[in-house]
A.B. asks: 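Structure provided below as structure tokens; questions to follow.
Residue indices begin at 1 and follow the sequence shown. Because the structure is predicted, anything quoted here is derived from the model rather than measured.
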Amino acid sequence: MENGVRPIGFTIKQINNVFEKDLNERLKSIGITSSQCAVLEYLFRTSKEEVSQRDVEKHLSLKNPTVTGILKRLDEKGFILCVPNTNDKRKKNIYLTEKAFDIQRRMEADRKKMDRQLTRGMTKREIAALMRGLEKVLHNIAEP
């Protein structure tokens, strides 16, 4: 601890641990995990016509085996379909199912509740400054 101040990375890790535990608890009733939720969120929000596993890996900064497992479980649960790409059979395109769209509203409501909880007592200006700071931190750590 420098000058009695906790390291930033340690605080971020603690926030992530508590956030993920809370989010997993909220998502349990829907039947998905926070990791599965992150993939579904990306699929809901992307403007790409065809989404591959590689797109998911890049967007979420996750390794291939991790994403393979998440997609497999989402497929087994009926939230996505993995269809071989017409141009390259080694690649699979990922599509959301009706079942995924059925839980989208609940996921969005839970996410908004979490955001309100995370920013309780903060002004819009403070929230915007926090987001700018967090984006910089993410950029800094993502750069090699």
A.B. asks: State which residues pass side chain to side chain donor-acceptor pair (under 3.5 Å) with Lys13; sequence neighbours excluded, sorted by chain then number.
C.D. replies: Asn17
A.B. asks: Measure the spacing between SG of Cys82 and CG of Asn93 and express it to the nearest 0.5 Å.
C.D. replies: 9.5 Å
A.B. asks: Check salt bridge (Lys or Arg N to Asp or Glu O under 4.0 Å) between Arg45 and all other residues, then give those that pass, not counting sequence neighbours.
C.D. replies: Glu41, Glu108
A.B. asks: Residues sharing Leu81's hydrophobic cluster, by side-chain heavy-atom contacts under 4.5 Å among ILVMFWY, directly or via others?
C.D. replies: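 Grouped by the 4.5 Å side-chain rule, Val83, Tyr95 form the rest of the cluster around Leu81.
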A.B. asks: Could you see if Phe19 belongs to whatever hydrophobic cluster contains Leu60? Use Ile, Leu, Val, Met, Phe, Trp, Tyr and a side-chain cutoff under 4.5 Å.
C.D. replies: yes
A.B. asks: Under the rule for salt bridge (Lys or Arg N to Asp or Glu O under 4.0 Å), what residues qualify as partners of Asp115, not counting sequence neighbours?
C.D. replies: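 Counting only residues at least two positions away or on another chain, Asp115 forms a salt bridge (Lys or Arg N to Asp or Glu O under 4.0 Å) with Arg111.
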A.B. asks: Give a yes or no on this: more than 12 heavy atoms of other residues, nucleotides or ligands lie within 6.0 Å of atom NZ of Lys99.
C.D. replies: yes
A.B. asks: Could you check Val56 against Ile70 for side chain to side chain contact (heavy atoms under 4.5 Å, CB included), going step by step and ending with a plain yes or no?
C.D. replies: CA-CA 10 Å; Val56 175; Ile70 294 169; over 6 Å; no
A.B. asks: Checking Lys48 now: which residues fulfil salt bridge (Lys or Arg N to Asp or Glu O under 4.0 Å) with it, not counting sequence neighbours?
C.D. replies: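 Here the qualifying residues are Asp55.
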A.B. asks: For residues 127-138, which residue pairs pass the salt bridge (charged side-chain N to carboxylate O under 4.0 Å, His left out) check, not counting sequence neighbours?
C.D. replies: none
A.B. asks: Run through the side-chain heavy atoms of Ile, Leu, Val, Met, Phe, Trp and Tyr, join any pair under 4.5 Å, and report what else lands in Ile127's cluster.
C.D. replies: Met122, Leu130, Leu134
A.B. asks: Between Ile103 and Phe79, is any pair of side-chain heavy atoms under 4.5 Å apart?
C.D. replies: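 Yes, at least one pair of side-chain atoms sits under 4.5 Å.
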A.B. asks: Quick one: salt bridge (Lys or Arg N to Asp or Glu O under 4.0 Å) partners of Glu25, sequence neighbours excluded?
C.D. replies: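 Salt bridge (Lys or Arg N to Asp or Glu O under 4.0 Å) list for Glu25, sorted by chain: Lys28.
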A.B. asks: Could you state the interatomic distance from OG (Ser35) to CG (Leu23), rounded to the nearest 0.5 Å?
C.D. replies: 9.5 Å
A.B. asks: Who passes side chain to side chain donor-acceptor pair (under 3.5 Å) against Asp88, sequence neighbours left out?
C.D. replies: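 For Asp88 the side chain to side chain donor-acceptor pair (under 3.5 Å) partners, ignoring immediate neighbours, are Arg90.
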A.B. asks: Can you list everything that forms a side chain to side chain donor-acceptor pair (under 3.5 Å) with Ser29? Sequence neighbours excluded, please.
C.D. replies: Arg106
A.B. asks: Phe44: what forms a ring pair (Phe, Tyr, Trp, His ring centres under 6.0 Å) with it, not counting sequence neighbours?
C.D. replies: Phe101
A.B. asks: Using every non-hydrogen atom in the two residues, find where Met107 and Cys37 come nearest and quote the distance to one decimal.
C.D. replies: CE-SG, 3.5 Å
A.B. asks: Within the 4.5 Å heavy-atom criterion, are Arg26 and Ser34 side-chain neighbours or not?
C.D. replies: no
A.B. asks: Could you tell me if the side chain of Gln117 sits less than 4.5 Å from the side chain of Asp22, heavy atoms only?
C.D. replies: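 Yes - at least one pair of side-chain heavy atoms lies under 4.5 Å apart.
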A.B. asks: Only pairs at least two apart or in different chains count here, so list each salt bridge (charged side-chain N to carboxylate O under 4.0 Å, His left out) that has a residue in residues 72-83.
C.D. replies: Lys72-Glu76
A.B. asks: Could you tell me whether the side chain of Leu40 reaches within less than 4.5 Å of the side chain of Ile80, counting heavy atoms only?
C.D. replies: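 In contact.
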A.B. asks: Okay, side chain of Gln53, backbone of Lys92: is any donor-acceptor separation there less than 3.5 Å?
C.D. replies: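 Absent.
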A.B. asks: Stepwise, does the side chain to side chain contact (heavy atoms under 4.5 Å, CB included) test hold for Leu27 with Gln36?
C.D. replies: CA-CA 10 Å; Leu27 294 171; Gln36 293 165 359; over 6 Å; no
A.B. asks: So does Ile12 get a backbone contact from the side chain of Asn16, meaning a donor-acceptor N/O pair under 3.5 Å?
C.D. replies: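 No: the side chain of Asn16 does not pair with the backbone of Ile12.
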A.B. asks: Should Tyr42 and Leu138 be regarded as members of a common hydrophobic cluster, given that ILVMFWY residues are connected when their side-chain heavy atoms come within less than 4.5 Å of each other, either directly or indirectly?
C.D. replies: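 In one cluster with Tyr42: Leu138, no.
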A.B. asks: Given Ile94, which partner from the list Val67, Leu43, Thr46 fulfils the side-chain contact (heavy atoms from CB on, under 4.5 Å) test?
C.D. replies: Leu43
A.B. asks: Using a 4.5 Å cut-off on heavy atoms from C-beta on, say whether the side chain of Arg6 contacts that of Gln14.
C.D. replies: yes
